[in-house]
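Heads up: the structure comes next, in structure tokens.
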Amino acid sequence: MRRPLTEIVLRRENEVFKDTMGVSANSAHQHFLPAFKDVVTGEVHLSLYPDGTLCNIHILDGLPEKWIIQRNTQGRVTVVKDSVISGFVRALGRR
């Protein structure tokens with residue numbers, strides 16, 4: 001069983017992939033957008049700020065409510081379901 005996705009997990013992923021295209025800063029020039037996928041349902045959602053605007057890094061706050069397991073006292077998302085992974089999608093219409 002996978003561990004639920006948290007901000008700590010996202011930070012660790014950034015450390016592991018820091019010198020690769022696996023981090024937002026290194027993949028943006030190729031028009032890849034940070035996104036999340038529920039590997040059980042196949043649903044994909046771009047990384048969004050809570051107001052719905054695109055975010056250029058992976059953050060949990062704009063994910064669908066049905067994916068959220070826990071929020072902190074300020075209302076920020078701290079844990080999402082264990083079937084959710086971070087990744088990237090290529091922006092359509094760009095090369």
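A quick note: this is a predicted structure, and the numbers were derived from the prediction, not measured. For the single chain, residues carry numbers from 1 onward in sequence order.
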(request) List the steps, then state whether side chain to side chain contact (heavy atoms under 4.5 Å, CB included) holds for Phe36 with Leu10. (result) CA-CA 11 Å; Phe36 298 90; Leu10 288 175; 4.2 Å; yes
(request) Look at Arg3 together with Asp82 and state whether they make a salt bridge at an N to O cut-off of under 4.0 Å. (result) no
(request) May I ask you to say whether Lys66 pairs ionically with Glu43, meaning some side-chain N is under 4.0 Å from a carboxylate O? (result) yes
(request) Identify the residue among Val84, Val79, Val77 that makes a side-chain contact (heavy atoms from CB on, under 4.5 Å) with Ile68. (result)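 That would be Val77; it is the only one of Val84, Val79, Val77 passing the side-chain contact (heavy atoms from CB on, under 4.5 Å) with Ile68.
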Supply the atom-to-atom distance [X] [atom1] to [Y] [atom2], rounded to the nearest 0.5 angstrom.
X	Y	atom1	atom2	answer
Asp61	Arg71	CG	CZ	7.0 Å
Ser47	Asn56	OG	CG	8.5 Å
Ile85	Asp38	CD1	CG	9.0 Å

I'd like to check [X] versus [Y] (side-chain heavy atoms, cut-off strictly below 4.5 Å). Are they in contact?
X	Y	answer
Val80	Ile69	no
Lys81	Pro4	no
Tyr49	Ile59	yes

(request) Please step through side chain to side chain contact (heavy atoms under 4.5 Å, CB included) for the pair Leu48 and Cys55, ending with a clear verdict. (result) CA-CA 5 Å; Leu48 303 174; Cys55 186; 5.7 Å; no
(request) Please determine, by modelled atom types, if Asn72 and Thr78 share a side-chain donor-acceptor pair under 3.5 angstrom. (result) no
(request) Please say whether more than 12 non-hydrogen atoms of neighbouring residues, nucleotides or ligands are located less than 6.0 Å from CZ in Arg76. (result)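 12 or below, so no.
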(message) Testing the basics here: between His58 and Gly87, what is the closest heavy-atom pair and its distance to 0.1 Å?
(response) NE2-O, 2.7 Å
(message) Under the criterion side chain to side chain contact (heavy atoms under 4.5 Å, CB included), I'd like the reasoning laid out for Leu5 against Trp67: C-alpha separation, chi angles, the key distance, then a yes or no.
(response) CA-CA 10 Å; Leu5 187 59; Trp67 289 8; over 6 Å; no
(message) Set out, in order, the CA-CA distance, both residues' side-chain angles and the distance that settles side chain to side chain contact (heavy atoms under 4.5 Å, CB included) for Leu46 and Leu54, then state yes or no.
(response) CA-CA 7 Å; Leu46 294 174; Leu54 282 175; 3.4 Å; yes
